[in-house]
K.L.:
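Got a structure for you, written out below as structure tokens; questions coming shortly.
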Amino acid sequence: MNALQLAETLAACHDLEASQLLWLLEHRDPDVSEYLRKEAQAAAQARYGNKVFIRGLIEFTNYCKNDCYYCGIRKSNRQAQRYRLDREDILACCDLGYDLGFRTFVLQGGENPWFTDQRLTEIVRAIKEAHPDCALTLSVGERSRESYRRLKEAGADRYLLRHETATDSHYQKLHPPELQLSHRMECLSNLKELGYQVGAGFMVGSPYQTLEDLVRDLRFLKEFKPHMVGIGPFLSQHDTPFRDFPNGSGELTLFLLSVIRLLLPETLLPATTALGTLLPNGREAGILHGANVVMPNLSPEEARGKYLLYDNKLSTGAEAAESLELLRENLRKIGYEIPVARGDSLIAPDR
Ligand code: SAH
């Protein structure tokens, strides 16, 4: 096999078998990477034009009942200063975001039982009532099918739940025994069946990850066909069990963004905060490798310093929603604009 030929096949057919993907990952070099980058950027532009969609990210609580080994807001981290925003705080973030031009809000948080279905559906209803022209995305982890159903009925449009890794044994190395890949996958298929636009994804370079694991992630994505795919480098957090593991590779993350864009040309692909934290101009690099979404931080100032999933997490400068003009300017320099729009996926919801 020849890596450049495989890259050409991927660009033409939007598919490769597992063994071919593995070969491509093992034999990536600057020529292959640049070829895929160009093809991925062109594939995104052919479908979404020179537009980058923005989502206002509201990190509304860092209380979490889970203990994921990689995550800075895991329950065993006694150093984390816990907080939760109430409905009024969240609505104020949305109002501010709306004025800035956001038409999608993402409520992300730890798995916090305080946010019962009752409380969360009230928040969802209030946001949709205040901003009926906006899309609302939830990213609050694993819940029952009934809970997902209620939230959908209350008005939630989209749900982000990264699968984290599609390899069972690897999943178990990243999470305590009470968290199971099979349950994560069940949640993802429930979300899809309920008609959400769904985001899956994984960290690049998480501890113990092999290229074979990444190939399983890519094959899973190709088959599951999420409306959005969130990937970013693993970044270590100094108060977690994974404190001594190295950060994931920026080069491999960018390579995978291009591969994912070509496998799923119509998906929404964010250039994530983690990528922006790892690489200077990481978000722009992500866009040039086929990404078409950025998620600036709309959380209130006090919350930003506390939602620390990993060390050095960016929340200021072009990463902050208030600095939208700076982001706009940075993207304009590479030929992109930010529309005032919901920015729905071209992939239709399941129902
Ligand atoms: N509780 C929600 C939101 C989790 S935080 C949920 O379970 O979906 C959002 C994402 O941040 C996670 O899915 C994970 O992939 C990523 N993340 C967490 N810790 C990280 C770290 N140390 N480095 C990079 N990404 C991390």
Side-chain angles (χ1 to χ4, degrees), residues 1-40 43 68-70 162-175 181-182 184-185 188 199-226 229-236 242 244-265 267 269-272 274-275 277-279 282 285-286 288-291 310:
M1 278 191 273
N2 168 310
L4 197 55
Q5 276 168 11
L6 287 175
E8 285 165 7
T9 307
L10 174 59
C13 307
H14 304 300
D15 206 359
L16 282 181
E17 287 170 16
S19 58
Q20 298 174 312
L21 285 167
L22 183 60
W23 181 278
L24 190 61
L25 292 182
E26 283 172 337
H27 296 87
R28 59 189 201 279
D29 65 26
D31 287 345
V32 176
S33 302
E34 179 57 13
Y35 172 80
L36 287 173
R37 185 198 72 70
K38 283 203 189 111
E39 291 290 331
C68 309
Y69 303 143
Y70 45 85
R162 290 185 176 178
H163 64 284
E164 312 296 358
T165 172
T167 306
D168 208 39
S169 54
H170 185 220
Y171 196 91
Q172 288 175 41
K173 289 184 177 146
L174 302 181
H175 303 97
L181 179 60
S182 55
R184 196 86 178 167
M185 293 301 194
L188 280 166
F202 57 89
M203 292 174 284
V204 179
S206 61
Y208 311 106
Q209 184 182 63
T210 63
L211 291 180
E212 284 83 355
D213 294 332
L214 286 171
V215 168
R216 278 183 284 271
D217 289 321
L218 295 172
R219 288 309 315 168
F220 164 69
L221 291 172
K222 179 69 186 170
E223 272 142 46
F224 184 71
K225 229 172 167 244
V229 179
I231 70 161
F234 161 75
L235 299 173
S236 77
F242 287 167
D244 294 328
F245 282 90
N247 289 340
S249 147
E251 174 272 324
L252 182 54
T253 305
L254 292 170
F255 188 88
L256 288 166
L257 278 175
S258 299
V259 170
I260 293 167
R261 167 59 66 205
L262 292 170
L263 281 173
L264 296 167
T267 203
L269 198 54
T272 53
L275 183 61
T277 298
L278 182 70
L279 299 179
L288 295 171
H289 285 76
Y310 43 79

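All figures in this text were calculated on a predicted structure; none of them were measured in a lab.
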K.L.:
Is the shortest side-chain heavy-atom distance between Thr272 and Ile231 below 4.5 Å?
P.N.:
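Thr272 does not reach Ile231 side chain to side chain.
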K.L.:
How far does CG of Leu22 sit from CG of Leu218, to the nearest 0.5 angstrom?
P.N.:
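It is 10.5 Å, given to the nearest 0.5 Å.
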K.L.:
Please output the side-chain donor-acceptor pairs of residues 250-265 that fall under 3.5 Å, not counting sequence neighbours, one pair per line with the distance.
P.N.:
residue : atom : partner : partner atom : Å
Glu251  : OE1  : Arg28   : NE           : 3.4
Glu251  : OE1  : Arg28   : NH2          : 3.0
Glu251  : OE2  : Arg28   : NE           : 2.9
Thr253  : OG1  : Ser249  : O            : 2.7
Ser258  : OG   : Leu254  : O            : 3.4
Ser258  : OG   : His289  : O            : 3.1
Arg261  : NE   : Gly290  : O            : 2.8
Arg261  : NH1  : Pro265  : O            : 2.7
Arg261  : NH1  : Thr267  : O            : 2.7
Arg261  : NH2  : Thr267  : O            : 3.2
Arg261  : NH2  : Gly290  : O            : 3.1
Arg261  : NH2  : Asn292  : OD1          : 3.2

K.L.:
Evaluate the side-chain proximity of Tyr35 to Glu8: yes if any heavy-atom separation is below 4.5 Å, no if none is.
P.N.:
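Yes. Closest side-chain heavy atoms under 4.5 Å.
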K.L.:
Identify the two heavy atoms, one from Phe220 and one from Ala166, that lie closest to each other, and give their separation to 0.1 Å.
P.N.:
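Shortest heavy-atom separation between Phe220 and Ala166 comes out as CB-CB, 3.9 Å.
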K.L.:
Leu278: what forms a side-chain contact (heavy atoms from CB on, under 4.5 Å) with it, not counting sequence neighbours?
P.N.:
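Applying side-chain contact (heavy atoms from CB on, under 4.5 Å) to Leu278 gives Pro233, Leu235, Asn247.
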K.L.:
Closer than 3.5 angstrom, by distance alone: can the side chain of Lys222 be matched with the main-chain N or O of Glu17 as a donor-acceptor pair?
P.N.:
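No, Lys222 side chain to Glu17 backbone: no donor-acceptor pair under 3.5 Å.
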K.L.:
Under a 3.5 Å cutoff, is there a donor and acceptor pairing between the side chains of Asp213 and Thr167?
P.N.:
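Asp213 vs Thr167: donor-acceptor pair found between side chains.
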K.L.:
Looking only at heavy atoms, which two atoms of Val32 and Asp29 are closest? And how far apart?
P.N.:
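So the minimum-distance heavy-atom pair works out to N-OD1, 2.8 Å.
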K.L.:
Would you please name every residue forming a salt bridge (charged side-chain N to carboxylate O under 4.0 Å, His left out) with Asp31, sequence neighbours left out?
P.N.:
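For Asp31 there are no salt bridge (charged side-chain N to carboxylate O under 4.0 Å, His left out) partners, ignoring immediate neighbours.
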K.L.:
State, to 0.1 Å, how close His163 and Phe202 come at their nearest heavy-atom pair, and which atoms those are.
P.N.:
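Between these two residues, the closest heavy atoms are CE1-CD2, 3.8 Å.
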K.L.:
Give the minimum heavy-atom separation between Pro226 and Ala200, together with the two atoms involved.
P.N.:
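Pro226 and Ala200 have their closest heavy atoms at CB-N, 4.0 Å.
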K.L.:
With Arg37, which residues qualify under salt bridge (charged side-chain N to carboxylate O under 4.0 Å, His left out), at least two apart?
P.N.:
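Result, salt bridge (charged side-chain N to carboxylate O under 4.0 Å, His left out) vs Arg37: Glu34.
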K.L.:
Does atom NZ of Lys225 have more than 12 heavy-atom neighbours, drawn from other residues, nucleotides or ligands, at distances under 6.0 Å?
P.N.:
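Counting other residues, nucleotides and ligands, NZ of Lys225 stays at 12 neighbours or fewer.
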K.L.:
My understanding is that only residues two or more places apart in sequence, or in another chain, count here; which of them pass salt bridge (charged side-chain N to carboxylate O under 4.0 Å, His left out) with Arg184?
P.N.:
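If we apply the salt bridge (charged side-chain N to carboxylate O under 4.0 Å, His left out) test to Arg184, skipping adjacent residues, the hits are Glu142, Glu164.
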K.L.:
Specify whether Phe242 and Phe245 have parallel, tilted or perpendicular ring planes, treating 30° as the upper limit for parallel and 60° as the lower limit for perpendicular.
P.N.:
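Aromatic pair Phe242/Phe245 classed perpendicular.
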K.L.:
Measure the spacing between CG of Leu16 and CG of Leu21 and express it to the nearest 0.5 Å.
P.N.:
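Taking CG in Leu16 and CG in Leu21, the distance rounds to 5.0 Å.
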K.L.:
Donor-acceptor pair, Arg216 side chain versus Ala18 backbone, under 3.5 Å?
P.N.:
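Flag not set: sc Arg216 to bb Ala18 has no pair under 3.5 Å.
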K.L.:
Show the nearest heavy-atom pair for residues Val229 and Leu269, with the distance to one decimal.
P.N.:
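It is O-CD1, 3.3 Å.
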K.L.:
If you measure from CD on Gln172 to OH on Tyr208, what distance do you get to the nearest 0.5 Å?
P.N.:
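Interatomic distance, Gln172 CD to Tyr208 OH, rounded to 0.5 Å: 13.5 Å.
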K.L.:
Is there side-chain contact between Val215 and Gln20, with at least one heavy-atom pair below 4.5 Å?
P.N.:
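No - every pair of side-chain heavy atoms lies 4.5 Å or more apart.
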K.L.:
The criterion is side-chain contact (heavy atoms from CB on, under 4.5 Å); which residues satisfy it with Ser206, sequence neighbours excluded?
P.N.:
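Listed in chain order: His170, Leu174, Met203, Gln209, Phe234.
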K.L.:
Show the nearest heavy-atom pair for residues Ala291 and Ala271, with the distance to one decimal.
P.N.:
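Ala291 and Ala271 have their closest heavy atoms at CB-N, 3.8 Å.
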K.L.:
Evaluate whether atom CD of Glu26 has more than 12 neighbouring non-hydrogen atoms of other residues, nucleotides or ligands under 6.0 angstrom away.
P.N.:
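Yes, because the 6.0 Å sphere around CD of Glu26 holds more than 12 heavy atoms from other groups.
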